[in-house]
Amino acid sequence: MKKWVYMKNLYNHVEIEKKWQEKWQEQGLYKVQDSVSEKENFYQLVEFSYPSGNLHVGHWYAFSVPDIFARYKRMQGFNVLYPMGFDAFGLPAENAAIKFGGDPMSWTYKQMDVMREQLKSMGAMFDWDKEIVSCAPEYYKWTQWMFTQFLKKDLVYRAVTKVNWCPKDQTILANEQVVDNKCERCGSEVIQRDQEQWMLRITKYADRLIDDLDTRDWPHAIKESQKNWIGRSEGSEIDFSFTKKYTYVLLHGFQGSPNEGKYAWLKEELEKRGHTVVCPVLPNTNSPKEIEQVATALDAVAYDENTIVWGHSLGSVVAMKVLEKITKPIAGLILSGAFCSPDFEEDKIFKDTFTWDFDVKKIKSNTGFIKIIQDTADDAITKKQMSEIETLLNVPTRFVKAELPHFDAEKEPELLKALDTKITVFTTRADTLFGVTYVVLAPEHALVQQLLSQIENKDEVLAYIADTKKKSELDRQQSKEKTGVQLKGVFVINPANNEVVPVWIADYVLAGYGTGAVMAVPMHDERDAEFASVYNLPVLDRPLVDKVEITNKVGGRLVSTYRLRDWGISRQRYWGTPIPIVYDPEGIAHPVPDEHLPWLLPTDVDHTPDGTAPLARSKELFERTEKIFGKGWKPEVETMDTFVDSSWYFYRYVDNKNNEAFASPEKMAAWMPLDLYMGGAEHTTMHLLYSRFWTKALYDIGLVQDTEAYTVRRNRGLILGPDGNKMSKSKGNVIDPDNIVKLLGADTVRMYLAFMGPYGVTTNYPWDPNGVVGVRRFLERVWKLQEKISDTVTTETKQLHKTIKKMTEDIEEFKFNTAISQMMILTNEWDSIENISNTEYKTLLQLLAPFAPHIAEELWYMLGNTSSIHLESWPKYDPTKIIDSTMTLPIQINGKLRGTIEVAIGTAKEEIEKLALENEKIQQYISGQQVKKIIVVESRVVNIVL
RNA sequence: GCCCGAGUGAUGGAAUGGUAGACAUAGAGGACUUAAAAUCCUCAGACAGUGAUGUCGUGCGGGUUCGAGUCCCGCCUCGGGCACCA
């Protein structure tokens with residue numbers, strides 16, 4: 001840009017742009033009404049911005065180029081909403097506040113003030129009355145409200161992520177805090193536990209999120225990567241039962257009997273599977289005594305390594321007492337509806353007839369595995385009791401939903417699942433089932449722990465599991481050599497042909513995908529083949545069968561499995577939307593009722609991160625909770641992922657001041673779904689997927705009318721530095737838009753960004769400091785063309801109408817670059833003619849207005865107009881005026897261009913053929929050769945084939 | 001490895017299967033100027049030729065077609081996404 005100096009006298013952009021920005025604001029030129037008679041609404045949106053501070057070229061590209069389209073649509077007669085706001089929660093504000101002092105809130109609001117002024121310098125048609133700010137209580141009130149609505153619809157739940165848990169310290173440990181599977185601080189054995197975290201059930205929508213993509217006018221790339229991300233694979237779950245048969249002892253509870261539905265049903269089901277089942281009648285079931293019940297249970301069977309004991313309710317207490325007494329270890333202990341203290345609301349009759357101390361050491365050493373399974377909606381025992389027994393035995397509880405509370409239904413499939421051990425594999429190749437030569441479990445698979453007592457090479461297996469745990473995710477990904485260990489002594493049966501196959505563990509099988517277990521078919525699967533060759537496992541070439549048929553035949557299930565995981569939204573951070581949950585003294589979570597929303601983010605918090613949730617340090621928050629809900633109530637101290645805030649913001653723009661609802665149905669009906677959503681490609685699998693899920697969830701609850709919130713989506717690319725690299729301070733290639741705007745004007749910057757290449761494709765364009773000057777020159781040319789206006793000229797040039805036509809078509813396709821070049825072609829032509837008419841020039845200004853709103857407005861008023869050019873309509877071309885009378889037709893010989901002829905439009909084919917052949921130059925080429933064929937493509941080409 | 005997308009002058013980029021390189025930048029020459037900048041005019045894919053003109057030319061190799069930057073097959077390179085996903 002070194003050679004260019006602007007001519008102050010000719011066109012003073014600084015003055016003009018400032019003047020019009022102020023006037024527009026005074027006039028309220030861009031105020032948007034919800035409906036304007038005879039105008040169709042058009043809602044265009046660009047992803048709102050994080051208030052990071054200075055506006056960079058990327059912001060200009062993101063917001064000012066779409067403004068061209070918004071203005072164009074407005075001139076086309078649409079009532080256009082093109083709003084702006086701030087995605088204001090998030091980590092950078094916390095970090096900045098730490099770095100520069102102060103608190104995240106005042107820092108954020110200060111940044112927003114700066115950015116708002118910078119955004120205004122673009123001359124965009126934002127209606128600032130529509131602004132939204134995601135960190136404002138009046139906004140996050142609705143984020144919280146939606147969360148509680150989702151909670152009611154079971155779209156929110158807790159507890160899925162596996163975390164390291166120290167049962168003594170009652171705390172989550174980071175991987176770094178676990179040494180040799182022991183707590184770094186207290187030395188207790190660390191267990192892997194499903195930590196309760198707030199999760200959103202996005203996987204429930206996996207199918208719809210994939211299937212509805214087909215209805216969208218979105219870039220192919222987005223659809224592909226969302227599909228990829230969700231990762232649906234359709235296949236079968238197939239059960240492989242163990243060769244080993246057990247003797248089950250089923251112990252019923254207080255006032256129970258083996259004849260009750262679930263016991264009888266379980267007995268039948270287990271016997272069907274070849275096991276022996278003993279179901280003793282425990283004496284005096286209405287007034288049970290420990291001594292006689294335990295004695296009866298002990299007499300029921302000879303307890304040995306093939307015995308599995310299941311105790312339900314009080315039966316779980318009996319079971320534990322049995323385990324204290326037996327002399328040699330059994331295979332396993334399963335407890336359901338279990339407790340270890342008589343801490344019931346009313347005194348139970350067995351309170352004093354049982355003893356409530358347990359020899360945990362003895363119990364544990366007398367059994368191969370312990371499983372606890374509890375009903376989330378249990379009404380017989382309390383959460384506290386569940387937590388007590390978990391702590392007592394130091395075994396993670398599996399929470400399930402029973403058919404009836406406390407597993408009191410006739411049939412309880414979850415119980416059968418817990419009792420009947422088998423390996424369930426997921427496969428997309430059920431057709432290869434006959435070729436299975438072994439089965440592989442993920443080392444973390446729960447079954448491995450359960451099988452431990454019967455594994456002959458226990459030490460080797462444990463060592464391998466420990467090794468796997470030591471490896472970081474990265475390590476596991478990097479080393480592709482297959483490793484694994486056979487679980488010696490453990491075999492399963494292939495349900496298709498009853499062949500007995502060995503079971504292995506290997507870290508190439510992932511616990512988090514499918515069922516965490518695979519059937520290995522080395523004949524048809526590369527990884528299985530690799531593994532088989534490392535460990536010399538057999539490879540069987542068996543005929544393929546029909547997937548569906550075989551799945552049904554072996555009692556398997558056709559299922560889809562997904563790569564997509566549920567969305568964990570809990571953040572141990574300060575600057576975010578507080579999760580509107582409070583806990584009662586029993587520790588049960590309750591949503592904060594609507595009347596207490598917004599559930600305010602406390603301000604009395606030292607937000608310096610130290611790994612714990614900063615809100616836990618807020619005195620005010622805890623006092624507020626007790627004051628509203630009562631003594632012993634505690635607030636949730638986590639905040640939400642900021643992607644939650646941005647999952648619904650497009651609904652708020654249409655009704656941003658509503659205190660009664662997140663948006664009124666009328667306003668949503670007026671504007672939603674978005675007609676056009678533009679944004680960065682980086683949001684493809686996060687924001688775009690989350691917000692789609694959010695919309696569908698709102699739709700299912702009946703809060704919105706759309707299953708998809710945006711009709712058309714376009715991604716844009718990046719603006720690179722002049723050297724073709726991503727702009728970064730360290731590379732010294734950062735273009736500061738403020739400087740260029742000062743030097744060349746906002747109009748020039750907007751238009752240059754639009755001129756670089758087509759918008760809406762994810763191509764990255766380097767900023768050319770010289771290129772931007774070309775656009776400035778063009779604007780000056782337009783300015784100077786005023787001098788050529790003459791009242792005596794009334795004819796309109798053909799080129800003008802061609803320009804209108806081409807620009808209209810190009811803008812519709814976001815090809816602003818060719819639209820601009822067409823304007824340049826027009827002005828280049830005008831440069832070479834003497835005079836132009838007033839109306840022609842006015843039309844040019846109208847065409848220019850969306851691109852360069854300030855200069856167009858200035859010139860418009862200079863022509864004597866008294867109302868804004870931005871209230872004008874987009875020009876229409878006259879089709880009769882673009883018809884040429886003659887045209888140049890290329891003549892090819894054998895497809896090679898050899899000359900051109902001028903012909904009148906509408907000349908008959910025969911005549912064109914004749915003219916072509918008569919052409920002097922063409923004659924030279926033909927010179928005596930035989931013309932085989934002449935192809936005349938109307939107003940395109942003539943091809944002579946020799 | 002798998003799945004997308006893209007390869008056109010010195011550069012950004014134009015081209016419903018029909019005159020490849022519009023428009024713009026950079027470049028060369030000229031006009032204006034004491035001079036420079038700005039502005040205006042002209043040239044400009046490569047090679048050969050004084051020239052008219054010819055040959056070649058859209059990542060590479062094939063193919064379809066009267067005709068291919070564009071469609072098909074096989075590669076190469078770059079960019080993006082996913083990745084031991086069963």
Side-chain angles (χ1 to χ4, degrees), chain A residues 2-7 10 219-229 231-233 235-236 425-430 432 440 442 476-482 506-510 512-521 524-528 530-531 561-563 681-682 684-685 717 720 722 724 752 755-758 761-775 777-778 780-781 784 806 815 817-825 828 831-832 888-900 921 932-946:
Chain A
K2 45 199 178 293
K3 286 186 183 169
W4 191 86
V5 174
Y6 75 85
M7 298 166 72
L10 180 59
H220 183 67
I222 294 185
K223 297 185 181 185
E224 283 304 317
S225 44
Q226 289 205 357
K227 275 181 199 169
N228 211 318
W229 184 264
R232 173 165 67 193
S233 49
S236 312
V425 303
F426 173 75
T427 178
T428 56
R429 296 296 308 274
T432 65
V440 191
R476 266 176 90 162
Q477 277 171 23
Q478 274 165 358
S479 76
K480 297 275 158 105
E481 303 91 66
K482 300 280 176 294
D507 63 6
Y508 81 87
V509 176
L510 308 173
Y513 184 78
T515 60
V518 301
M519 57 181 223
V521 188
H524 294 287
D525 185 284
E526 232 173 87
R527 284 159 312 168
D528 296 345
E530 234 176 273
F531 190 78
T561 190
Y562 306 89
R563 206 188 73 88
E682 70 275 16
T684 299
T685 45
L720 307 173
Y752 172 61
F755 185 58
M756 285 192 300
V761 293
T762 53
T763 313
N764 301 333
Y765 303 112
W767 177 278
D768 181 354
N770 293 311
V772 67
V773 173
V775 172
R777 282 184 194 139
F778 164 73
E780 295 196 344
R781 268 231 273 288
K784 274 196 289 190
K806 174 134 181 70
K815 288 154 93 174
N817 56 331
T818 49
I820 292 169
S821 72
Q822 182 59 42
M823 265 192 283
M824 289 171 169
I825 290 168
N828 287 349
D831 270 343
S832 59
T888 312
L889 209 52
I891 316 286
Q892 298 177 338
I893 292 177
N894 289 340
K896 271 197 170 130
L897 182 71
R898 292 303 184 194
T900 57
K921 260 177 87 181
K932 287 193 188 130
K933 195 157 79 169
I934 301 182
I935 292 152
V936 180
V937 182
E938 203 182 340
S939 57
R940 276 292 171 197
V941 77
V942 178
N943 192 12
I944 299 166
V945 186
L946 296 181

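Throughout, a chain's letter reflects where its sequence line sits, starting with A, and its residues are numbered from 1.
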Notebook entry, point to check: Is G51(B) paired to anything, Watson-Crick or G-U wobble with both distances less than 3.5 Å, and if yes, which nucleotide?
Noted result: none
Margin query: My understanding is that a pair needs two contacts under 3.5 Å, Watson-Crick or G-U wobble. By that rule, which nucleotide pairs with C71(B)?
Written below: G63(B)
For [X], which contact category applies under a 4.0 Å heavy-atom criterion: base, sugar-phosphate, or nothing?
X         : result
Ile825(A) : sugar-phosphate
Tyr562(A) : nothing
Lys815(A) : sugar-phosphate
Asn828(A) : sugar-phosphate
Phe426(A) : base
Asn228(A) : base
Gln892(A) : base
Arg232(A) : nothing
Val937(A) : base
Asn817(A) : sugar-phosphate

Is [X] near enough to [N] that one of its side-chain N or O atoms lies under 4.0 angstrom from OP1 or OP2?
X         : N      : answer
Arg527(A) : C85(B) : yes
Lys896(A) : C56(B) : yes
Arg781(A) : A24(B) : yes
Tyr513(A) : A86(B) : yes
Thr763(A) : G79(B) : no
Arg563(A) : C82(B) : no

Check: Does Arg940(A) get its side chain close enough to the base of U16(B), under 3.5 Å, for a donor-acceptor pair?
Finding: yes
Notebook entry, point to check: Can you tell me how far C1' of G80(B) sits from NZ of Lys223(A), to the nearest Å?
Noted result: 18 Å
Checklist line | Nearest-nucleotide pick for Ser225(A), side chain only, options being G12(B), C84(B), G81(B) | finding: G81(B)
Notebook entry, point to check: Is it true that the side chains of Asn228(A) and Arg563(A) contain a donor and an acceptor less than 3.5 Å apart?
Noted result: no
Between the side chain of [X] and the main-chain N/O of [Y], is any donor-acceptor distance below 3.5 Å?
X         : Y         : result
Tyr765(A) : Phe755(A) : no
Glu530(A) : Glu481(A) : no
Asn894(A) : Leu946(A) : yes

